[in-house]
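Take a look at the structure below.
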Amino acid sequence: MGRKEDFVKHISEGYNFKGESIILGGAILDGEALADAPIKIPLKTLNRHGLIAGATGTGKTKTIQVLSEQLSSYGIPVLMMDIKGDFSGIAKEGEEKSFITERHNKINIPYSTASFPVELLTLSEQNGVRLRATISEFGPVLFSRILNLNDTQSGVISVIFKYCDDNKMPLLDLKDIKKVINYITEEGKSEIEQHYGKISTSTTGTILRKIIELEQQGADLFFGEMSFDVEDLMRIDKNGKGYVSILRLTDIQDKPKLFSTFILSLLAEIYQQMPEKGDADQSELVIFIDEAHLIFNEASKVLLEQIETIVKLIRSKGIGIYFITQNPMDIPSGVLAQLGLKIQHALRAFTANDRKAIKQTADNYPSSAYYKTDEILTSLGIGEALVTALNEKGIPTPLAATMMRAPMSRMDILTESEIQEININSKLVKKYSELIDRESAYEILNKKIAHAEEEFATENQKAEKKQPEGPSTATVVGKSVIKVLTSATFIRGVFGVLNKMFKK
């Protein structure tokens, strides 16, 4: 048996699964795509998370599109966080072109076009389904971690949440918590000290500055009502396809704190709400996080620990998380170790640091008798990638250079009119379009302060009325004159003058 036959057998055995699977493409050996060596991923292990990496222009977005299409076809909903804004074409059918059919003939996969149900979500003022959450839903621990507070500052946040709970004051948006901070250091200082202990104004000042920093990144649009229900990410259309929810983040690249805030809050909310699934045959939801380095570069140590913990635990809820980035080294080692599927597109070696990074990347993949991993990483073409997944027993599959199949949907963005059409027909846009500003901590404290000022003014008026009226100015002057006229000194002086006059 020759090298090629050995390789085909090696791949066929390594990618042979009992349950349902999605097909990524066909294996490549010595630059040739092989028709009888399909590369597949079992649906059962999609909750074991994954990484899609590679240099700009190597085909990462098309790979995510292929994965999302396959998942949707199996009735698995997808959440795609689209930083570059080039993913929306999945809502429309693609075009059958000669270079696509030629590629598919090489890997023996029939090609057809299709469209998929899409919802367009937004964190900002773009058109789409508005995503919001309340401060109360975050809770004191998560909110403190987002602000990167120390233990003392976090303790103050816990006091604020406790005070608001005790006094039935909802913390819905940033103006609520800013108002509470101002209140406990000014009008309500004695009340807080009496029931909760002293709070340093320097500590509250630091917290307030960090909240303002978050606010300047657009968090005031995110915090509020009505809160987004994560169940709305789990929808299936009338044809049995899972909805692909695209969170458009093209205007948030310079707001990493807001981005990481949203990611962490969403993962925490999904983890809290979703029931345990155990060893299910397929995932409940798959999340793709594009430009993942934006989360990790700006995240504090405690935030990274929180993300790592959630990534470890959320798989038992049937949720798969896939990080997309240029270099695998962008992902912290603790998170990278949790990723079962790895799809590595080409890397470019322009500098010594690039070559070092490629060697480190190669070490993250299983060894292979058929490839020199560090060499093939730089020689992969557009739409080709190194792939290794987990089989149904959790064992890594053989490393395979893969010619990826092409997306069935449009490989381009939607027009403005097409985006408008999706939003007009969306039930979720209507559901979340209204901004609710019910009575919360801000309004309650303003009323409390106004009531206290009114009571103070009333008490002053009462005190003034009880005080006896003083004599008039004329009376005071008259009494003073009489007092002078009747004084002994004055009388003696008058008699002295009269005596002198009579003697003369």
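Residue numbers run from 1 in the order of the sequence given.
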Starting from the C-alpha separation in whole Å, work towards a yes-or-no answer on side-chain contact (heavy atoms from CB on, under 4.5 Å) for Leu79 and Glu119.
CA-CA 9 Å; Leu79 172 61; Glu119 287 284 2; over 6 Å; no

Does [Y] offer a backbone N or O that forms a donor-acceptor pair with the side chain of [X] under 3.5 Å?
| X | Y | result |
| --- | --- | --- |
| Ser368 | Tyr370 | yes |
| Thr185 | Ile181 | yes |
| His49 | Gly340 | no |
| Lys342 | Leu339 | yes |
| Thr397 | Leu390 | no |
| Thr309 | Glu305 | yes |
| Ser68 | Ile64 | yes |
| Asn327 | Asp330 | no |
| Asn47 | Arg315 | yes |

How far does [atom1] of [X] sit from [atom2] of [Y], to the nearest 0.5 angstrom?
| X | Y | atom1 | atom2 | answer |
| --- | --- | --- | --- | --- |
| Gln282 | Leu71 | CD | CG | 9.0 Å |
| Arg405 | Glu69 | CZ | CD | 7.5 Å |
| Thr402 | Leu380 | OG1 | CG | 9.0 Å |
| Met408 | Ile90 | CE | CD1 | 8.5 Å |
| Ile419 | Ile424 | CD1 | CD1 | 12.0 Å |
| Tyr365 | Thr373 | OH | OG1 | 9.5 Å |

Any chance you could lay out the side-chain contact (heavy atoms from CB on, under 4.5 Å) test for Met274 and Met234, step after step, and finish with the verdict?
CA-CA 11 Å; Met274 293 295 292; Met234 315 289 180; 3.5 Å; yes

Going by distance alone, is a donor N or O of one side chain under 3.5 Å from an acceptor N or O of the other, for [X] and [Y]?
| X | Y | value |
| --- | --- | --- |
| Ser136 | Thr134 | no |
| Glu137 | Ser227 | yes |
| Gln273 | Glu269 | yes |
| Thr351 | Asp354 | yes |
| Thr206 | Arg209 | yes |

With Met80 as partner, the option from Asp290, Val286, Leu247, Thr61 fulfilling side-chain contact (heavy atoms from CB on, under 4.5 Å) is Asp290

What class does the angle between the rings of Tyr322 and Phe288 fall in, given that below 30° is parallel, 30 to 60° is tilted and above 60° is perpendicular?
tilted

Apply the ring-ring contact (aromatic ring centres under 6.0 Å, His included) test between Phe228 and each candidate in Tyr432, Phe223, Phe222; give the one that qualifies.
Tyr432

Does a sphere of radius 6.0 Å around CG in Asn425 hold more than 12 heavy atoms from other residues, nucleotides or ligands, not counting ones at 6.0 Å or beyond?
yes

Might you confirm whether atom CD of Gln360 has over 12 heavy atoms from other residues, nucleotides or ligands at distances under 6.0 Å?
yes

Charged tip of Lys317 within 45° of Tyr271 ring normal and under 6.0 Å:
yes

For Phe116, is the NZ or CZ atom of Lys241 found under 6.0 angstrom from the centre of its six-membered ring and inside 45 degrees of the ring axis?
yes

Closest approach of [X] and [Y], non-hydrogen atoms and distance?
| X | Y | result |
| --- | --- | --- |
| Gln326 | Thr56 | NE2-OG1, 3.0 Å |
| Thr58 | Ala55 | OG1-O, 2.6 Å |
| Gly89 | Ser409 | O-CB, 3.8 Å |

Does Glu93 form a side-chain hydrogen bond (donor to acceptor under 3.5 Å, both in side chains) with Ser115? I'd like the steps, not just the answer.
CA-CA 4 Å; Glu93 285 190 9; Ser115 61; 5.0 Å; no

Looking at side-chain heavy atoms only, is the closest gap between [X] and [Y] below 4.5 Å?
| X | Y | answer |
| --- | --- | --- |
| Lys178 | Leu208 | yes |
| Phe323 | Ile52 | no |
| Leu266 | Val230 | yes |

Walk me through whether Glu215 and Glu213 qualify under side-chain contact (heavy atoms from CB on, under 4.5 Å).
CA-CA 5 Å; Glu215 188 177 34; Glu213 179 189 345; over 6 Å; no

Check against side-chain contact (heavy atoms from CB on, under 4.5 Å), Met404 and Val66:
CA-CA 9 Å; Met404 307 295 287; Val66 165; 5.7 Å; no

